[in-house]
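First the structure, in the form of structure tokens, and then the observations on it.
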Amino acid sequence: MPKPNSLQGSLDLLVLKILSRRPRLHGYAIMTAIEEMSGEVLRAEEGSLYPALHRMEEAGWIRAQWITKDSGRRARIYELTATGKKQLDAEESRWQAVTSAVNQILRTV
């Protein structure tokens with residue numbers, strides 16, 4: 001059984017999808033959204049999420065901005081770019097193809 005925190009190739013897809021629905025989230029909110037939206041099945045660890053966010057920012061898929069919250073604490077928030085929307089579409093298509101192939105094998109074996 002896979003570990004709940006091993007997203008194995010789906011982290012980019014999940015982050016992009018969450019930011020497409022809920023823009024301007026900080027990293028902890030993204031981690032929480034993955035866990036809550038998956039019914040507590042999936043969990044992104046800080047050691048995986050933050051490098052992925054940095055990589056996606058470098059690729060131009062997301063944009064980051066520092067804000068000061070009402071509490072006075074600074075937070076880095078993320079939002080999807082136009083390039084990120086195109087990447088999300090590509091990631092969703094790839095995921096559909098992979099899950100379809102896995103389901104086909106599961107039905108025939």
**Request:** Say whether L42 and L11 are linked into one hydrophobic cluster, either directly or through other cluster members, by side-chain heavy-atom distances under 4.5 angstrom.
**Result:** yes
**side-chain contact (heavy atoms from CB on, under 4.5 Å) assessment of L16 paired with I62** = CA-CA 8 Å; L16 293 172; I62 61 175; 4.0 Å; yes
**Message:** I need the minimum non-hydrogen distance between P51 and E46, along with the two atoms involved.
**Reply:** CD-O, 3.7 Å
**Asked** If you take all heavy atoms of Y28 and Y50, which pair is closest and at what distance?
**Response** N-OH, 3.3 Å
**With sequence neighbours excluded, residues passing salt bridge (Lys or Arg N to Asp or Glu O under 4.0 Å) with R76** = E57
**Prompt:** Salt-bridged, K17 to E91, with N to O below 4.0 Å?
**Reply:** no
**Request:** Considering only NZ, NE, NH1 and NH2 on the basic side and carboxylate oxygens on the acidic side, decide whether E58 and R55 come within less than 4.0 Å.
**Result:** no
**Complete:** So CZ of R94 and OG1 of T99: to nearest 0.5 Å the spacing works out to 10.0 Å
**Request:** Hey, could you give me the NE2/CD distance between H26 and Q65, rounded to the nearest 0.5 Å?
**Result:** 13.5 Å
**Message:** Checking I34 against M31 for the side-chain contact (heavy atoms from CB on, under 4.5 Å) test, could you report, in this order, the C-alpha distance in whole Å, the side-chain angles of both residues, the deciding distance, and whether it holds?
**Reply:** CA-CA 5 Å; I34 289 171; M31 285 190 296; 5.9 Å; no
**Prompt:** Hey, are R63 and E79 close enough for a salt bridge, meaning a charged N less than 4.0 Å from a carboxylate O?
**Reply:** yes
**Prompt:** Nearest 0.5 Å, what's the CG-CE distance between L19 and M56?
**Reply:** 7.5 Å
**Item:** Minimal non-hydrogen separation, G27 against L49, with atom names
**Value:** O-CD2, 3.3 Å
**Message:** Side-chain heavy atoms nearer than 4.5 Å, only ILVMFWY residues, links allowed to pass through others: does that put M37 and W95 together?
**Reply:** yes
**Request:** For S48 and A44, indicate whether the former's side chain and the latter's backbone hold a donor-acceptor pair under 3.5 Å.
**Result:** no
**Request:** Can you measure from CD1 (I67) to CZ (R74) and round to the nearest 0.5 angstrom?
**Result:** 10.0 Å
**Item:** Under the salt bridge (Lys or Arg N to Asp or Glu O under 4.0 Å) test, residues paired with R22 that sit two or more places apart
**Value:** none
**Asked** Quick check: does any side chain N or O of T81 sit under 3.5 Å from a backbone N or O of W61, one acting as donor and the other as acceptor?
**Response** yes
**Fill in**
Here the pair of heavy atoms bringing T83 nearest to G60 is CB-O, 3.5 Å
**Prompt:** Is it true that a side-chain atom of S10 and a backbone atom of L13 form a donor plus acceptor pair closer than 3.5 Å?
**Reply:** no
**Prompt:** Any idea which heavy atoms bring I18 and I30 closest together, and the distance?
**Reply:** CD1-O, 4.3 Å
